[in-house]
Amino acid sequence: MENRIRKALIDAAPTLFGIELSESSIQFQQTRRDVEGDLTLVVFPFVKILHCSIEDAAQKIKAWVEENIEEISHCNVVGGFLNIVYKDEHWINRLQEIQNSERFGFSKANTKPTVMVEYASPNTNKPLHLGHLRNIFLGASVAEILKAVGHKVVRTQVINDRGIHICKSMLAWEKFSPINDKGERQTPSNTGLKGDKLVGRYYVEFEQALQKEVKIIVTDWQRGNFDNTKESVRDEVIKLQQTKIQKDQKAQDAIDEKIKELAKNQSSILQEAKDMLVKWEARDPQVYLLWTTMNGWVYEGFDQTYSQMGVTFDKLYYESDTYLLGKDQVMDGLKQGIFYQKVDGSVWIDLSADGLDEKLVLRSDGTAVYMTQDIGTAIDRFKDYTDLYGMVYTVGNEQDYHFKVLFLILQKLGYQWANNCFHLSYGMVDLPSGKMKSREGTVVDADDLMAEVIQKAKAMTQERGHLDGLGNLEKENLYRQIGLGGLKYYLLKVDPKKRMLFNPEESIDLTGNTGPFLQYAHARISTLLQKAIYKPQNLSSSAILKEEEKQIIKQLNLFESVLHEASKAYSPAILANYVYDLVKLYNTFYQSVKILSESDRELRQLRLSLSASVRQVLSSILGILGVDAPQRM
RNA sequence: GGUCCCGUAGCUCAGCUGGAUAGAGCAACUGCCUUCUAAGCAGUAGGUCUUUGGUUCGAAUCCAAACGGGAUCACCA
């Protein structure tokens with residue numbers, strides 16, 4: 001409709017104004033809520049072109065539009081704005097189209113290039129936490145958005161399964177695990193603990209043991225005891241200790257940190273972990289078996305968490321599989337002169353011409369760093385999927401710099417697809433008490449949080465008591481749907497780019513802009529349609545629409561463009577805000593008119609059709625957000 | 001210090017490709033269940049859009065600076 005009016009105006013301009021109009025001079029916007037109108041033409045640009053008063057220009061266009069465009073009922077002019085009112089027939093026809101369309105708003109599947117979306121990159125030594133929840137819900141939802149606009153999508157995660165941190169858990173388990181009467185160390189099955197939790201516990205034990213050892217070493221050094229310390233380190237420590245005296249508090253702390261670092265390197269337990277990593281890289285059978293076993297426990301634990309979250313993947317990548325490819329790439333790049341080698345053997349890239357710094361890509365001992373692995377993983381993916389067009393990395397914004405560098409390196413290595421790689425950078429989740437810090441024990445565990453939220457949903461649902469006649473299994477399932485739906489919606493409704501505050505109390509609220517609010521509307525429409533035994537029929541276009549009804553059709557009409565906007569911005573939040581507005585409009589309508597008991601049959605059918613269309617869009621968007629849409633609640 | 005992100009109601013957030021009187025939710029207060037599910041609806045109150053300049057017919061929105069908050073600048077991942 002908008003385009004039709006624009007085109008008509010451009011065509012008519014020479015006779016109407018005696019001048020050619022450019023497309024950009026015709027600016028439409030949505031009409032303000034409190035003004036009558038379905039579309040608003042901004043008249044200001046015409047003043048310059050036509051050299052007349054704003055009032056004259058507006059009136060002239062008003063007269064012409066009312067006269068010449070069939071579907072327009074009338075217009076009104078307020079200041080520099082021409083508000084155009086469509087005939088009700090137009091909106092009813094629009095509703096009819098929505099009702100008839102197969103998957104309203106969605107593009108045909110697989111009509112756009114294949115995109116891979118990565119949305120979890122857990123370490124295998126720590127259980128998942130609140131930050132992962134935002135990451136994973138966000139990535140999973142973006143994958144659904146891309147599908148909805150026609151992309152073929154591969155959902156993936158990369159598992160950070162190698163490196164010194166894994167060896168730390170392994171070592172601690174060997175050293176510290178109690179042995180039961182059967183002579184076994186602790187396992188998930190003999191403790192009943194989730195595998196990721198068990199392994200995480202030993203990672204913590206390692207860190208504690210390390211800190212203990214560090215403390216002893218530092219104290220020894222303070223007392224001037226350097227018995228077990230290499231000469232070079234001793235000299236460095238003494239030098240640091242001496243410079244410390246003249247500095248201010250902040251500098252002193254920094255020096256203490258440095259001394260601590262040196263002490264860490266002296267500690268026997270860290271040395272053991274390093275030795276273990278060397279053994280692992282050499283595929284030592286015993287170490288390798290331990291690594292496989294403990295990682296297996298973690299994967300099992302993660303799988304449980306993912307299944308509770310309702311999230312799946314199409315393909316998994318393990319860094320242990322890709323880091324060697326990354327190393328090869330670096331060596332190739334070195335030959336091509338993209339990288340350079342320092343005298344100690346370490347390999348670097350100089351990005352200062354691109355406004356960035358120098359970056360290490362391979363250690364002096366030839367082992368891979370984070371960047372090396374990521375280069376390898378990216379290339380591996382494009383080898384696996386030959387039709388792959390681009391990648392979306394859902395990773396926190398603390399890694400903005402890393403991805404800038406990564407994409408630049410891939411470009412320099414000559415990979416065209418590097419231009420289609422996108423870092424979906426999301427903000428951290430803060431707690432009312434501040435940042436989550438594992439050292440201070442303020443990390444919110446994913447499993448605990450989900451359990452809590454479901455429990456809360458149960459209590460609050462029972463309070464309301466709408467559930468007569470449902471079986472226990474159905475009820476439990478519903479509590480889960482509501483609890484998790486609320487949590488997901490809470491994390492997704494905020495612009496992903498922004499840092500957000502997680503308030504445990506608000507996250508399980510049922511009222512206002514929340515998941516359960518939307519789910520409730522869905523359930524209410526569902527039972528309504530069921531009671532009405534609703535079947536889609538052709539609508540009578542002669543009906544006169546109430547304002548509430550028209551508002552809903554207008555909002556429904558926006559769905560497709562909002563979906564595209566969301567895909568361009570990689571933002572489920574855009575859909576969340578849109579659907580919340582839609583449901584609010586629907587609720588207003590629901591409370592102000594009769595539907596089931598409406599005696600006029602055509603009107604009843606219209607209102608049912610409206611309800612059905614709202615439910616369709618609502619359930620589509622809830623699906624994209626990963627929120628379940630219950631039939632009753 | 002360099003680079004990047006953010007600053008809108010008491011709180012959490014929309015609005016940002018310039019356009020009308022800046023919107024929601026929570027919290028507070030007032031109404032509405034004999035009528036399709038009140039997890040709802042209607043309403044009251046709450047704002048120097050951090051500040052100062054600039055561009056423009058018009059700025060929360062664009063540009064610059066200042067102030068405040070955060071991230072990042074590892075032979076960690």
If we take the [atom1] atom in both [N] and [M], what is their distance in whole Å?
N     : M     : atom1 : answer
B:G23 : B:U48 : P     : 15 Å
B:A60 : B:C49 : P     : 8 Å
B:C11 : B:C76 : P     : 43 Å
B:C26 : B:C67 : P     : 39 Å
B:G15 : B:U52 : C1'   : 24 Å
B:C29 : B:G10 : C1'   : 15 Å
B:C63 : B:A42 : P     : 38 Å
B:A9  : B:G25 : C1'   : 12 Å

[X] near the nucleic acid: base, sugar-phosphate alone, or nothing, with a heavy-atom cut-off under 4.0 Å?
X      : value
A:Q29  : base
A:K497 : nothing
A:Q27  : base
A:H466 : base
A:D374 : nothing
A:M500 : sugar-phosphate
A:F517 : sugar-phosphate
A:S121 : nothing
A:R33  : nothing
A:I595 : base
A:D495 : sugar-phosphate
A:V158 : nothing
A:N503 : nothing
A:K531 : sugar-phosphate

In the structure shown, which nucleotide is the Watson-Crick or G-U wobble counterpart of [N], with both distances under 3.5 Å?
N     : value
B:U17 : none
B:G58 : none
B:C32 : B:G40
B:A64 : B:U52
B:G1  : B:C73

Regarding [X] and [Y], do their side chains bring together a donor and an acceptor under 3.5 Å, going by distance alone?
X      : Y      : answer
A:T514 : A:D509 : no
A:N76  : A:N83  : yes
A:Q59  : A:E55  : yes
A:N135 : A:T394 : no
A:E207 : A:Y202 : no
A:N397 : A:Y426 : no

Identify which nucleotide among [options] has an atom closest to any side-chain atom of [X], counting heavy atoms from C-beta outward.
X      : options             : result
A:R32  : B:A20, B:C41, B:C36 : B:A20
A:Y580 : B:A77, B:A24, B:A20 : B:A24
A:V35  : B:G40, B:U72, B:A20 : B:A20
A:N577 : B:A20, B:G40, B:A14 : B:A14
A:E398 : B:C36, B:A42, B:U72 : B:U72
A:F81  : B:A71, B:A20, B:C36 : B:A20

Please give me the minimum heavy-atom distance between A:L575 and A:A566, naming the atom from each residue.
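Taking every non-hydrogen atom into account, CG-CB, 3.9 Å.
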
Do any side-chain nitrogens or oxygens of [X] fall under 4.0 Å of OP1 or OP2 in [N]?
X      : N     : answer
A:K126 : B:A77 : no
A:R464 : B:A39 : yes
A:R524 : B:A38 : yes
A:Y401 : B:U72 : no
A:T40  : B:G19 : no
A:K404 : B:U72 : no
A:K493 : B:A24 : no
A:R363 : B:C76 : yes
A:T511 : B:C26 : yes
A:H402 : B:U72 : no

If you assign A:L360 and A:M633 each to the RNA chain B nucleotide with the nearest heavy atom, which residue ends up on the more 5' nucleotide?
A:M633

When A:F502 and A:L356 are each assigned the nearest nucleotide of RNA chain B, the 5'-most assignment goes to A:L356

Within the modelled atom types, does a donor on one side and an acceptor on the other bring the side chain of A:N587 and the base of B:A39 under 3.5 Å apart?
no

Between the base of B:A39 and the side chain of A:T514, is one N or O donor paired with an acceptor at under 3.5 angstrom?
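No.
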
Rounded to whole Å, how long is the line connecting atom [atom1] of [X] with atom [atom2] of [N]?
X      : N     : atom1 : atom2 : answer
A:Q555 : B:G23 : CD    : C1'   : 14 Å
A:F589 : B:A42 : CZ    : P     : 14 Å
A:Q591 : B:A42 : CD    : P     : 8 Å
A:D34  : B:A22 : CG    : C1'   : 12 Å
A:L585 : B:G23 : CG    : C1'   : 13 Å
A:Q399 : B:C76 : CD    : P     : 16 Å

Aromatic ring centroids of A:H402 and A:Y370 under 6.0 Å?
yes

Between A:Y401, A:F403, A:Y570, which is the residue that forms a ring-ring contact (aromatic ring centres under 6.0 Å, His included) with A:H423?
A:F403

Lys/Arg-Asp/Glu bridge criterion (N-O < 4.0 Å) met for A:R32, A:D34:
yes

Give a yes or no on whether a salt bridge exists between A:R162 and A:E281, defined as a side-chain N under 4.0 angstrom from a carboxylate O.
yes

Please work out whether B:C4 sits syn or anti, treating a glycosidic angle within 90° of 0 as syn.
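For B:C4, whose glycosidic angle is more than 90° from 0, the conformation is anti.
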
